[in-house]
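A, B, ... follow the sequence lines: proteins, then strands. Residue 1 opens every chain.
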Number of protein chains: 2
Amino acid sequence: MLINDMPRYEILDEFALSELERGWKRIVSELGIEFLHPEALEYFAQAGQKVEGELVKFDPDWILEQVAKAPAEFDLQARNPERSVHIGGKHMVFSAVYGCPFVREGNVRRDATYDDFQNLVKLAQSFPQLDSPGGTIVEPNDKPLDSRHLDMVYALLTLSDKPFMGSVTSGPNALDTIAMAQMVFGKESLEQTPAIISLINVNSPLRYDDRMLSALLEYAKAGQATIITPFLLMGAMSPVSVAATLAQQVGEALAGIALVQTIRPGCPVVFGSFLSNTDMQSGSPSFGTPESAVGLFCTGQIARHYNLPFRSGGALTSSQVVDAQAGYESMMSLWPTFLAGTNFIMHSAGWLESALVSCYEKFIVDVEQLRMLHAVFKPLEINEETLAFSAHQEVGQGGHFLGAVHTLERFRECFYRPLVSSTENFERWNRLGARDAATRAGEIWRKTLEEYEQPAIDPGLQEELKAYVDRRRIELGD
Amino acid sequence: MLINDMPRYEILDEFALSELERGWKRIVSELGIEFLHPEALEYFAQAGQKVEGELVKFDPDWILEQVAKAPAEFDLQARNPERSVHIGGKHMVFSAVYGCPFVREGNVRRDATYDDFQNLVKLAQSFPQLDSPGGTIVEPNDKPLDSRHLDMVYALLTLSDKPFMGSVTSGPNALDTIAMAQMVFGKESLEQTPAIISLINVNSPLRYDDRMLSALLEYAKAGQATIITPFLLMGAMSPVSVAATLAQQVGEALAGIALVQTIRPGCPVVFGSFLSNTDMQSGSPSFGTPESAVGLFCTGQIARHYNLPFRSGGALTSSQVVDAQAGYESMMSLWPTFLAGTNFIMHSAGWLESALVSCYEKFIVDVEQLRMLHAVFKPLEINEETLAFSAHQEVGQGGHFLGAVHTLERFRECFYRPLVSSTENFERWNRLGARDAATRAGEIWRKTLEEYEQPAIDPGLQEELKAYVDRRRIELGD
């Protein structure tokens, strides 16, 4: 968990913020948002909002009253209390890629399996730059669809001791997640401090679907955190304008956050953003784009305006392989992630091919990028000690600092030490096999998995979790 | 030329700035700086500075008085007046990689030739993101050492009509550059507004060498711009501390700038920064590092503090090939380049392998990154028109924006259009040959060279330049 004490990069002035506010208020009040779940509609009707069938037309001031009940910051428990995190304020919490059906390992791209799921959880557990493995780090396609959420939660709770993300595929699956978390954290502790954070996507434009809402309802009732995220690829789910898309994003997100606060006032909730654009030439989604960088700056500023923690960013790319494009597009989205002080970051490691693929090598390359940016976003100390005048006195004119006392005392820790990047001279690099960054990353993830050790867990607890999974799997008919 | 109207990212507070000022003043006054050129020493002695052999101990207030004479902004002429640039303020001027002995073309790394030099000048001429080809874009190793500066200046002045960088290998070579520029721009016009900008490196720590000084003297006398650049790889040419290195950088740069202003008050000059670190494990220089990003933010703030235009940044990397590392390291240095509002950027395109290699494919990949960042650093308009409420009205809940009137009216221009990046789906990408970004970049530079057309030049002028080169080559014994 990074505490980002560096300045925020803000590009919206007061006029722009007020125009955006005018924009989202008009959308939610005049056009309204569909909620495809009777219980959600009932909450809104009870609260006096105008419900027409599945369409809700909102009083924007009511939305803001509800949103004001959400905490600006909150704690999220981990199985290992030392790995618990704080969400909001200056804190930045990083989790791995989420939701990919395929996996890439070197030159092989294939359906992901539960083995891959476990491997990627282990990798997320192994690198301190990742505060959480996330949730559906890949789809375990070899597990039955109805019960694979149990296998995923089981792996997340036993192979890692970091905070995790819950299942959102249905209300009952959310309840399974909560039941398993209760075994680990205790019912009362879970009630007091959330230990599950879950991704609730809006079915944009202006629609929340039945499955996401049923999961949202269960998590909100249980006081567990959700990330309410409009899913916006400009040109497809929103207009081809960053301004219009931001207005839509705010309206959609705040309406969902208002629902959470209506269900359980004070329930932790995160303003989510997933905002990029369609490539208008290919019609494909496009990631690591200039527009998404600009959207990210604005999203941070807007979330702070409403006093909410926010989620955005990640190491995004449309590239099919771990090439230069994968490198520069990931940085194109990671830099604004840090500059905006994003509180919760999904897709921090492993994302490839517009999130169709979780890639082992990309995972390592992204960890390197996170490590570098962690080093950048650390305040610089300028004082008599760091000015190191004695080093200048010692070396003088035309000398070399490599052998200076000041250097010898500090050479191990003075600079960032790369994980995968190479500075080898060409001759040595050639002699060692002329391996590019992706090849070196392949060696690193394999070694990391070899060296992985399961974090301590009470054998009774692990048994209890397993028994729950086995029982529920039978109940679900798998 | 980008006019960067976005905010500057500043991380130094008043205390830090004053500590740095204390730091550099102590270095220049107590330790002093060597100037290995009698004429430079004479200027300093005349101005009342303490000269001890080749060592000059400065009165820091005298330095600041001289520095105050330098213009905060200035124009730089191009052969084509439409391509003239402005250096300083919000302006950002981009030039290509500089000084590499080798070239890489696909999988072949070899000694660079004059053909490569000409090709790379043509590429720089072809992309609007590059405001200048720079100068020694590669070393033309197949040309005789004593006269190759003539060949380079000739190519820069005839194959491109953008501003160019002058030869700094000696005083006489600088005079050749000036003589050729006089033919193009006219003596009087050149006297009034510079048309040459040249890189003067400090032989850090705390030493200006004879060759650089003799070039500096000629350019300053002729009123041509120089970029006074301490060459600082922390751990080699400066202490292993960003703070100490910044203090050294300011002292070294301001002393050189003071010399320029003593020679010719008001002469255009740029505060230069080339600040990275040694990889303390390999002993090699390391580029695209977190430390250099932090140094860049600070350099921008310091240059503005002294009211000077500044040079820094570029698309730097230590990578040996155009791989993911080349992508993320270049972005690691390009993002701060833009965030700091760098006025003159060398090494914007083509840099590979710690500047040992000018790479054709990297050139294209870097142009893509520049294009993306140009798009990011453009103010976002938020107003009734961009809020596009009509698009939301048209599409409503759960619809799709691809066919909306608002989209159809704007789809060509609404988003960034990539040059080399691919968003192709996996099947199509595979069918088209599974080309990675470097492979696609290879196709683009070849096509660009095929389509290159020499910018218009008066045949008499070209003949005159050629005659000068031929005459001087004979005089130089080549």
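- The candidate with the highest count of non-hydrogen atom pairs below 4.5 Å against chain A, out of B:V240, B:L20, B:N430, B:V321, is B:V240.
- Side chain of B:K362 to backbone of B:R104: no donor-acceptor contact under 3.5 angstrom is found.
- Heavy atoms closer than 4.5 Å to chain B are found in the backbone of A:E381, but not in its side chain.
- Tested against A:F287 for a side-chain contact (heavy atoms from CB on, under 4.5 Å), the candidates A:S292, A:S330, A:S318 yield a single pass: A:S318.
- B:R207 has no carboxylate O lying under 4.0 Å from a charged side-chain N of B:E54, or vice versa, which leaves the two without a salt bridge.
- Taking the six-membered ring for Trp and thresholds of 30 and 60 degrees, B:Y208 and B:F35 have nearly parallel ring planes, at less than 30 degrees apart.
- For A:V395, the part sitting under 4.5 Å from any heavy atom of chain B is the side chain, from C-beta outward, and nothing else.
- The aromatic rings of A:F297 and B:W335 stand perpendicular to each other, their planes meeting at an angle above 60°, with 30° marking the opposite boundary.
- When atom types are taken as modelled, the side chain of B:Q320 and the backbone of A:W429 share no donor-acceptor pair closer than 3.5 angstrom.
- Residue A:L380 touches chain B through its side chain alone, counting heavy-atom pairs closer than 4.5 Å.
- For the set B:E353, B:R371, B:E34, B:R109, the entry with the most heavy-atom pairs within less than 4.5 Å of chain A is B:R109.
- In this structure, chain B has no heavy atom under 4.5 Å from any part of A:L17.
- Among B:E384, B:M234, B:R412, the residue making the largest number of heavy-atom pairs under 4.5 Å with chain A is B:E384.
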